[in-house]
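Encoded as structure tokens, the structure appears first; notes follow it.
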Protein chains: 2
Amino acid sequence: MKNPKGTASIQVIERMARLLDALAAYPDSASLKFLSADTGLHPSTAHRILASLAEQGFVERTEAGDYRLGRKLARLGCRVNARLDVRREAQEVMERLRDRIGETVNLTVREGDEVVYVERAIANRMMRVEQVIGSRAPLHVTAVGKMMLAEEGEEAIAAYAERTGLPAFTEHTLTDPEALVTEARAAAERGYALDDEEAELGVGCIGALVRDAGGNVVAGLSVSAPIERRRAEWIPLVRAAAEEISRRLGWNGG
Amino acid sequence: MKNPKGTASIQVIERMARLLDALAAYPDSASLKFLSADTGLHPSTAHRILASLAEQGFVERTEAGDYRLGRKLARLGCRVNARLDVRREAQEVMERLRDRIGETVNLTVREGDEVVYVERAIANRMMRVEQVIGSRAPLHVTAVGKMMLAEEGEEAIAAYAERTGLPAFTEHTLTDPEALVTEARAAAERGYALDDEEAELGVGCIGALVRDAGGNVVAGLSVSAPIERRRAEWIPLVRAAAEEISRRLGWNGG
DNA sequence: TTCTATTTTTCACAATATGAAAATACCGAG
DNA sequence: CTCGGTATTTTCATATTGTGAAAAATAGAA
């Protein structure tokens, strides 16, 4: 059994990644039992890997013996955030936008075939949309995800569709590759994308892209609201906010 | 050659940690050549591990083929930071303290035998002390480090001295285990510690500890200034700021 | 072009991680 | 306090897996 997936990767590292991802899914800490179950790894193997990770500071152990993500990840992670200074720059702009329209504003970055929520400004209303920081969603069910796909061209979208099978989250999810391409192209031309209950029934989003000094897409900004409260007037506001963050990152139009 | 250090760790994970640390030492990106040289790993081995890490998103590759820390680290890291919400809570307090006394304020967390700088509010003066976020310093040459040592008791300080050899950074560095124990105990009793040019000539610090809801030390707050500008009047301000952050984290005195 | 400096792939080998099983630690219930 | 079930940790024989020398490919400089 050699390289079943054709990837030239080291087994332990792939397994470690699975363990860390599983661990990140728990709000605070998790026991060996759950982690080995979630990852499908033999408890003995999971234990050995986790012990090694603990030794290096990638995970920590609670008094109860459970595992949680470690300080070293925070340290290394803050280097990454410092590099793409998005979060820091975005925070203020996001809060202004939230105050202006009264709905939740999210900042997401792409990771593989998904977007990850990295920052947010939550609406202070009884009914609101709220994403957990660190949670993920496939590209094709989110407004910014569709724009990120559009950046890569039609072949890449086709490849994405092939790879993921465009799983449906609601009856409105775009499950047809053709429709996704059309929608993505339209969004790129307009400079914003909508999500009409494609990820969750009753939730509507407006999203726009954030670019760094080099013009590369580094994040996506979006407003998420109950669909009946969403207003077309917000579109220019979302675009302006995304552009404001881009400008702070050194992007001068384009 | 089995477990030369007696540790039951997985080799690849230890090597991966070395590579990531080496990578973190570079401001932006680094080439395979430097990374393998820095870590002492065979280029072939370093390449294979880095490729695997890249596959999992722990590192990314630049257009030039260089390596840099990846998004996944930011994502996992932000989970850690969200847990110990220190940085977010600290930011505002730190800026207020900085504005009050006009000198650089740092937030550090402990990692093994070192403190890591995770947040800061920089003095806006021509001459100022400025630490790079992510950089480190041994416990015994910093104000907060000495307080963190004091938390663990004398035996632990002795063990630390034994382990590290208390390397001298300046002629004022405490290189005698006895002196370090005395100093640490005094600092713990006072509730603050000083650093009198022990890390760098001309730099003086005042540090105090930040505790979470459980009373555990989660970080250290310190003011760093040119030694001749440092004032004893700042001591209560630093302590108050550290306590304010602790309070926000749920700590109610102790 | 040719030469040099890096990066990447290859491959035979043995060191290394694996996982079944046994041992230990941990709890709750009685 | 003891028993019984559960979770964690260690052990150990095994072959799978990662290793690193060397060769191949790639990129740059002259």
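No experiment lies behind these values; they were computed from the predicted model shown. To find a chain, count down the sequence lines: A is the first, B the second, and so on, and within it residues start at 1.
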| task | Looking only at non-hydrogen atoms, find the nearest pair between A/A46 and A/S36 and report the distance. | result |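 Reported closest heavy-atom pair: CB-CB, 3.9 Å.
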| Which atoms form the tightest heavy-atom contact between B/A150 and B/A188, and what is the distance? |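 Closest approach of B/A150 to B/A188, heavy atoms only: CB-CB, 3.8 Å.
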| Above 12 or not: heavy atoms from other molecules or residues under 6.0 Å from CD of A/E178? |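 Open.
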| query | Would you find more than 12 non-hydrogen atoms of other residues, nucleotides or ligands less than 6.0 Å from B/E200 atom CD? | reply |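 Not more than 12 within 6.0 Å, no.
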Output the rounded distance in Å from [atom1] ([X]) to [atom2] ([N]).
| X | N | atom1 | atom2 | result |
| --- | --- | --- | --- | --- |
| A/K33 | C/dC27 | NZ | P | 15 Å |
| A/D38 | D/dA7 | CG | C1' | 16 Å |
| B/M16 | C/dA17 | CE | P | 12 Å |
| B/I13 | C/dT16 | CD1 | P | 14 Å |
| B/D66 | D/dG28 | CG | P | 10 Å |
| A/L50 | C/dA17 | CG | P | 15 Å |
| B/E14 | C/dA17 | CD | C1' | 15 Å |

| request: Apply side chain to side chain donor-acceptor pair (under 3.5 Å) to B/R18 and list each qualifying residue two or more places apart in sequence or on a separate chain. | output: B/E14
I'd like to know if [X] and [Y] make a salt bridge, using a cut-off of under 4.0 Å between side-chain N and carboxylate O.
| X | Y | answer |
| --- | --- | --- |
| B/R110 | B/E152 | yes |
| A/E243 | A/R211 | no |
| A/D113 | A/R163 | yes |

| How far does OG1 of B/T39 sit from CG of B/D21, to the nearest 0.5 angstrom? | 10.5 Å
| message | Please encode protein proximity along nucleotides 18-23 of chain C as a string of B, S and -, counting only heavy-atom distances under 4.0 Å. | response | BBB---
| Taking five pairs at each end of the helix from C/dT1-D/dA30 to C/dG30-D/dC1, what angle separates the two helix axes (nearest 10°)? |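 About 50°, once rounded to a multiple of 10°.
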| D/dT8 phosphate, OP1 or OP2: any side-chain N/O from A/H47 under 4.0 angstrom? | no
| said: D/dT8, OP1 or OP2 - any side-chain N/O from A/S31 closer than 4.0 Å? | reply: yes
